[in-house]
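Have a look at the structure below before the remarks.
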Amino acid sequence: MKSFLVKIFLGLLKLIYFPIKMLKVQNKVVYISRQFNNETLDFKLIQEKMIEKYPNTKNVILAKRMENGIINKIRYFLHMFVQMYHVSTSKVVIVDSYCIIVSVLKHKKETKIIQIWHAISAIKKFGYQTIGKTTGTDIKLAKNMCMHKNYDYVLCSSKVTAKYFEEAFNISNEKIKYLALPRLDYILQEDDEKTEEIYNTYPELKDKINILYVPTFRKFKKVKINDVIQRIDTKKYNLIVKLHPLDKKNYTYLQKDGVIYDDKFKSYDLLKMCDKVITDYSSLAMESSLLGKPLYFYIYDVKLYQEDPGLNFNFKKEKIGRYATNSPKKIVNMLEREYDFSVLDSFRKKYIQANSNNCTEKLVDFIMQLMNNEEVEEEVKETVNA
């Protein structure tokens, strides 16, 4: 019954899209995300650089989450009409997640679709890697919804990650484009004003060693932070906890002097001013390696993650795995020991091979190649840095 309803829904979309697809293509780029209800950092950076370098190109950002509830789903359905119009009339479409309109409909040949994904790598498995698993998609639904279909190019920062993305998006290596995400420009750019703003908001950060803890969001599960908080020496350290917004809404956590639960600043802004980083299965690990901050992995539920959704990252085989543990006592003890930065450097070179200088400009120039119908096939396998 469910499969039948999905087919009716898709048939309706195709019927509506048929006349819309006859509209004239404009000199336009549309950016679509259902990760957030406002523009993402990557989209913002791309658009700004597009306006700076190519002011005659129109840019449209469509960011809207598909929330739970009948009313929200109806609103998203209506929003899909807006997506149809802009996809049909744009030369380039950029997505950072699965988009129904992009994947299930047949688009004009001149329309190029770039998947930039919302994570620089994939420690956790996703997409086709998780078909049939509890946290993944049902195989029939994935097939009916043409999951991750129609991409012309998928951005990737390393050859290792390329293998993960090929599996997750069910694509061939020819569609991989070795370009780093624009956010790397933001991470590598110093921002004294923002740092000062953080210190003004949290004056206590000026006096101690600051540790940023960014745990992965666990659906329907509370993140185990309290064990670490109880053990950490807050006379020596400040612990800045950056939880997913849904974690903050659903759960309460241990309050303690020297522990800050931040919901005011971007993780990347906090990353720039902190001294050490703790995470688990988040691609923030790769991004933080660019700044050379000591990196630790608190993976107390690693056995569960290995089973579902599964991990691309083997902590036992990776050199940086020496800084990974499922013990709150050990993770706190690691903070006290001397850090081997050669391990961190090796980790960075493995997962960020694409040139990390002027990432936004490189991507914008690539977009313009597509808009101008320039030959780019030979550049898809461009050599990444060693």
* Inspect the surroundings of CG in Leu78 and state if more than 12 heavy atoms from other residues, nucleotides or ligands are less than 6.0 Å away. => yes

* Residue pair Arg34, Val95: steps toward the side chain to side chain contact (heavy atoms under 4.5 Å, CB included) verdict -> CA-CA 9 Å; Arg34 65 173 190 171; Val95 294; over 6 Å; no

* For Asp340 and Ser342, does a side-chain donor sit closer than 3.5 Å to a side-chain acceptor? -> yes

* To do: Start with the C-alpha distance between Asp227 and Lys224, add both sets of side-chain angles, then the distance that settles salt bridge (Lys or Arg N to Asp or Glu O under 4.0 Å), and finish with yes or no.
  => CA-CA 7 Å; Asp227 289 343; Lys224 290 185 178 180; over 6 Å; no

* Asked: Taking it one step at a time, do Lys242 and Asp263 satisfy salt bridge (Lys or Arg N to Asp or Glu O under 4.0 Å)?
  -> CA-CA 7 Å; Lys242 188 66 177 177; Asp263 58 4; over 6 Å; no

* To do: Taking all heavy atoms of Asn27 and all of Met371, pick out the closest pair and write down the distance.
  => OD1-CE, 3.2 Å

* Is it true that atom CG of Leu12 has more than 12 heavy atoms of other residues, nucleotides or ligands lying nearer than 6.0 Å? -> yes

* Asked: What orientation do Phe313 and Phe315 show, parallel under 30°, tilted 30 to 60°, or perpendicular over 60°?
  -> perpendicular

* Asked: Just by distance, with hydrogens left out, do Asn312 and Gln129 show a side-chain donor and acceptor under 3.5 Å apart?
  -> yes

* Answer yes or no: does atom NZ of Lys133 have more than 12 heavy-atom neighbours from other residues, nucleotides or ligands under 6.0 Å? => yes

* To do: May I ask you to establish whether Lys222 and Tyr253 are in a cation-pi arrangement, using a distance under 6.0 Å from NZ or CZ to the six-membered ring centre and at most 45° from the ring axis?
  => yes

* Should the heavy atoms of other residues, nucleotides or ligands under 6.0 Å from CZ of Phe9 be counted, would the total exceed 12? -> yes

* Lys149 atom NZ, neighbour heavy-atom count above 12 within 6.0 Å -> no

* Asked: Do side-chain atoms of His118 reach the backbone of Asp96 as a donor and acceptor pair under 3.5 angstrom?
  -> yes

* **Check: Tyr305 ring centre within less than 6.0 Å of Tyr281 ring centre** => yes

* **Side-chain donor/acceptor of Lys64 to backbone N/O of Met80, under 3.5 Å** => no

* To do: Decide yes or no on ring-ring contact (aromatic ring centres under 6.0 Å, His included) for Tyr85 and Phe81, but give the supporting numbers first.
  => CA-CA 6 Å; Tyr85 167 76; Phe81 296 157; over 10 Å; no

* For Tyr261 and Gln255, indicate whether the former's side chain and the latter's backbone hold a donor-acceptor pair under 3.5 Å. => no

* To do: Grab the two heavy atoms, one from Lys293 and one from Lys272, that are nearest each other, plus how far apart they are.
  => NZ-O, 3.0 Å

* Structure fact -> Exactly one candidate in Val241, Ile260, Leu271 meets side chain to side chain contact (heavy atoms under 4.5 Å, CB included) with Leu212; the answer is Leu271

* Asked: For the residue pair Leu335 and Lys276, what are the closest heavy atoms and their distance?
  -> O-NZ, 3.5 Å

* Any chance the rings of Tyr296 and Tyr339 have centres within less than 6.0 Å? -> yes

* Structure fact -> Closest non-hydrogen atoms of Ser356 and Asp185, given as atom of the first, atom of the second and distance, are O-OD1, 4.1 Å

* Should Glu336 and Lys236 be marked as a salt bridge (Lys or Arg N to Asp or Glu O under 4.0 Å) after you check the CA-CA gap, both sets of side-chain angles, and the distance that decides it? -> CA-CA 10 Å; Glu336 299 292 331; Lys236 181 177 181 179; 2.8 Å; yes

* More than 12 foreign heavy atoms under 6.0 Å from CD of Glu190: is that the case here? -> no

* Before giving the answer on side chain to side chain contact (heavy atoms under 4.5 Å, CB included), spell out for Asp275 and Ile211 the whole-Å C-alpha distance, their side-chain angles and the decisive distance to 0.1 Å. => CA-CA 6 Å; Asp275 300 295; Ile211 301 167; over 6 Å; no

* Asked: Within a radius of less than 6.0 Å around NZ of Lys53, do more than 12 heavy atoms belonging to other residues, nucleotides or ligands occur?
  -> yes

* To do: Would you kindly say whether Glu318 and Tyr351 are connected by a side-chain donor-acceptor distance under 3.5 Å?
  => yes

* For residues Asp365 and Tyr54, is any side-chain donor paired with an opposing acceptor at under 3.5 Å? -> yes

* **Short side-chain donor-acceptor distance under 3.5 Å, Tyr186 and Asp269** => yes

* Is any NZ, NE, NH1 or NH2 atom of the basic residue among Glu48 and Lys44 found under 4.0 Å from an Asp or Glu carboxylate oxygen of the other? -> yes

* Where does the angle between the aromatic ring planes of Tyr76 and His79 fall among parallel (under 30°), tilted (30 to 60°) and perpendicular (over 60°)? -> tilted

* To do: Verify whether one side chain among Asn173 and Glu166 offers a donor that lies under 3.5 Å from an acceptor in the other.
  => yes

* Asked: Between the side chains of Thr216 and Lys124, does any donor sit under 3.5 Å from an acceptor?
  -> no

* To do: Could you label the plane-to-plane angle of the Phe169 and Phe126 rings as parallel, tilted or perpendicular, counting under 30° as parallel and over 60° as perpendicular?
  => perpendicular

* Looking only at side chains, do Thr134 and Asp308 share a donor and an acceptor under 3.5 Å apart? -> yes

* Ser172 and Glu174: side-chain donor and acceptor closer than 3.5 Å? -> yes

* **Neighbour count above 12 (heavy atom, 6.0 Å) for Asn200 CG** => yes

* **Donor-acceptor contact present, side-chain Lys108 to main-chain Lys21, <3.5 Å** => yes

* Say whether, by atom type as modelled, one donor and one acceptor occur between the side chain of Thr130 and the main chain of Gly127 under 3.5 angstrom. => yes

* List the steps, then state whether ring-ring contact (aromatic ring centres under 6.0 Å, His included) holds for Tyr151 with Tyr153. => CA-CA 6 Å; Tyr151 304 149; Tyr153 300 99; over 10 Å; no

* Side-chain H-bond candidate by donor/acceptor type, Tyr31 with Asn59, under 3.5 Å -> yes

